[in-house]
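In what follows, chains carry the letters A, B, and so on, assigned in the order in which the sequence lines appear, proteins first and then strands, with residues in each chain numbered from 1. Note that these values count all heavy atoms, side chains included, but never hydrogens, waters or copies made by symmetry.
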There are 2 protein chains.
Amino acid sequence: MSKISDSEFLKKYDSSSFFKPSVSSDAIVFTIRDIKTDNYRKLPEKKLQVLLVKRGENPFIDKWSIPGVFIQEKENFEGSVKRCLDEKANISDIYLEQLYTWGSPKRDPRTRVISVSHMGLINSDNIDLKPGKNVEDIAWFTINTEILKEEKEEIEDGYKITEEVCLTLENEKTVLKSVLNVIKEYRRNNEIIYTNIISSDLAFDHPKMLIYAIERLKNKVEYTTIAFNLMPKEFTLTKLQQVYEILLDKKLLKANFRRKISEMVIETEHYDENQGHRPSKLFRFNTEYRQQYF
Amino acid sequence: MSKISDSEFLKKYDSSSFFKPSVSSDAIVFTIRDIKTDNYRKLPEKKLQVLLVKRGENPFIDKWSIPGVFIQEKENFEGSVKRCLDEKANISDIYLEQLYTWGSPKRDPRTRVISVSHMGLINSDNIDLKPGKNVEDIAWFTINTEILKEEKEEIEDGYKITEEVCLTLENEKTVLKSVLNVIKEYRRNNEIIYTNIISSDLAFDHPKMLIYAIERLKNKVEYTTIAFNLMPKEFTLTKLQQVYEILLDKKLLKANFRRKISEMVIETEHYDENQGHRPSKLFRFNTEYRQQYF
DNA sequence: TCAAAAGTGTTGGACCTACACCCATGT
DNA sequence: ACATGGGTGTAGGTCCAACACTTTTGA
């Protein structure tokens, strides 16, 4: 076989004879929002929420789902997620990072679709949701996960944990439940997770994607500063602490928390007043802050 | 517009009218190998290495590259990377994780190709490399990165670091050099990295993918146990320390290192003898070990 | 007046860093 | 004999968890 140059090769190259899947770009957008206030003195309770859209087209018409779009010919992923959020939810300028690419052959009933999922974080205080293209409705849903069953088993080179997880997404109008089987295998401490959907009120394999994204978010809070993307420009330290407490899923001690994040924030001259108690200083993120590893 | 059922919709659905890219699955396989031994008493010097294949087909024929394959119709990503390593390098049973999906429109001269890159880690002591399908040659290359220039600049909400990085991949026969421009933007401490290839001896945008993978590997060593995937079943603590030193890029103190990893390993009854000094105990990974966060 | 949150100080213990020292081996 | 790595002990400092306490506000 004689070698040919690339330009010669490319002239004759016909990609249509090879298999090509459709590729979509999905945005899993989280926020932390007030749920209720009992008492004029008390701080409102906050919860982790996710943005869902009600599909206005087949398949899964009328089902709630993570917003996503098919990638276009001349668009990179950053462009496509931004377009997705702009078209479907009228949201722009938010923190976005690529999460994971889902490629199991039968995840979409239409045809082979590979989905590149992204995580978005936003402070939703001043966000007005507007349903966009092919979207019947759009809303924030409070996230609750509950482990129904848990089982540990020894395997070669490690152990295996099988969990039955119930993911509940709800707001004032709607409750969506999904039950998943999550199998976490640890061989030499390498985590491999297999997820099966037992039942789901969501479209496609979106419960899997959601569970994965929630896990990643909670994990990254521990060693990065992503949580600040959920805050407004200026915030009180107690509100920041509430956000950390929700994501880390545990109570923190005020004095210790403040020492820990002290380098990451800068005091402003503003105060949050008229709250039925002593006004609290507002802080902003210290843009000079640099992550310290080891 | 009247609603129709999914089964009705799917009967008529024709995916061919939508844009579809090609999708490939790439494997960036790292190992740590002995480079040289000066002295019968001294431990051999070790280096981080990566597996490259010399392309046997257009485009970039005769260029070294990261092994990759196009995804097939009924194959998920795990399957495709494994097939890639099996077909191209005759390697199986290694640690693999999905890294990042590359989708910029012009990254492949043939057609729009989206690449899902994976990181593989292996102990190469008993690995025989054999060039496979469409591969002219296969080899391990020592990785060296050098920062030629570095510049810090203040920007809105943070700062920006511009680096000129030289990535050198070499073995006894070949030296491959790539120069990249790496722009790291930190807004609210969110890292966004833009990379441009200035010059490259590798195929496609593979220097970018490599730089990204190296960064991720070095980062994950700090808070996970992935480094153990680079070790054989049984190893001495000094060899483990060497691996950590290479990945963390700094010298560690023996006594402290041993205390730190003491929970992760279990003593065996075997010894590494005939080394010109006191024999060292061999250890293996403690499969009962559980990562402790915070 | 007082409930609620804002905000700060202290103390004991765990862990980390740096260094020092002895041990065992093969040539 | 001795160079080389194997292997362990300790002192000082830093950091963190837990708790206690004072301050300030608005209804």
> B:Gln275 has an atom CD; how far is it from atom C1' of D:dG7, in whole Å?
Replying inline: 16 Å
> Would you say the side-chain atoms of B:Asn229 pair up with the backbone N or O of B:Ile226, donor to acceptor, closer than 3.5 Å?
Replying inline: yes
> For the pair made of CD in A:Gln241 and P in C:dA6, what is the distance, rounded to whole Å?
Replying inline: 9 Å
> Any donor-acceptor pair under 3.5 Å between the side chain of B:Lys281 and the base of D:dG6?
Replying inline: no
>> Nearest heavy atom decides the nucleotide; on that basis, is B:His277 or B:Asn256 closer to the 5' end of DNA chain D?
In response: B:His277
> Taking the side chain of B:Asn274 as heavy atoms from C-beta outward, which of C:dC2, C:dG26, D:dG7 is closest to it?
Replying inline: C:dG26
>> For a quick check, tell me whether the side chain of A:Lys254 and the base of C:dA6 share a donor-acceptor pair closer than 3.5 Å.
In response: yes
>> Can you confirm whether or not the ring centre of A:Phe283 sits under 6.0 Å from the ring centre of A:Phe235?
In response: no
>> Using whole Å, what does the distance between atom P of nucleotide D:dG6 and atom NE2 of B:His270 come to?
In response: 18 Å
> Can you name the side chain to side chain contact (heavy atoms under 4.5 Å, CB included) partners of A:Arg259, sequence neighbours left out?
Replying inline: A:Ala255, A:Asn256
>> Rounding to an integer number of Å, can you tell me how far A:Tyr271 OH sits from D:dT23 P?
In response: 16 Å
>> Rounded at 0.5 Å granularity, tell me how far NE2 in A:His277 sits from CG in A:Leu43.
In response: 5.0 Å
>> Using whole Å, what does the distance between atom P of nucleotide C:dG7 and atom CD of A:Glu273 come to?
In response: 11 Å
>> Expressed as a whole number of angstroms, how long is the span from B:Leu253:CG to D:dT10:C1'?
In response: 14 Å
> Do the side chain of A:Arg259 and the base of C:dT10 come within less than 3.5 angstrom through a donor-acceptor pair of N or O atoms?
Replying inline: yes
> Please give, in whole Å, the distance from C:dC19 C1' to B:Lys251 NZ?
Replying inline: 17 Å
> Any side-chain N or O of B:Arg41 under 4.0 Å from OP1/OP2 of C:dG26?
Replying inline: no
> Among D:dC19, C:dG7, D:dT8, which nucleotide sits nearest the side chain of A:Ala255?
Replying inline: D:dC19
> Between D:dG6, D:dT4, C:dA5, which nucleotide gets closest to the side-chain atoms of A:Thr238?
Replying inline: C:dA5
>> If I take atom CZ in residue B:Arg258 and atom P in nucleotide C:dC15, what distance separates them, rounded to the nearest angstrom?
In response: 20 Å
> When you measure from the side chain of A:Asp34 to the backbone N and O of A:Lys46, does any donor-acceptor pair fall under 3.5 Å?
Replying inline: no
> Of the nucleotides D:dT24, D:dA27, D:dT4, which has the atom closest to the A:Pro279 side chain?
Replying inline: D:dT24
>> Determine whether a donor-acceptor pair (one donor, one acceptor, N or O, separation below 3.5 Å) exists between the side chain of A:Arg278 and the base of C:dA5.
In response: no
>> Using a 4.0 Å heavy-atom cut-off, does B:Leu237 contact any base of the nucleic acid, only the sugar-phosphate backbone, or nothing at all?
In response: nothing
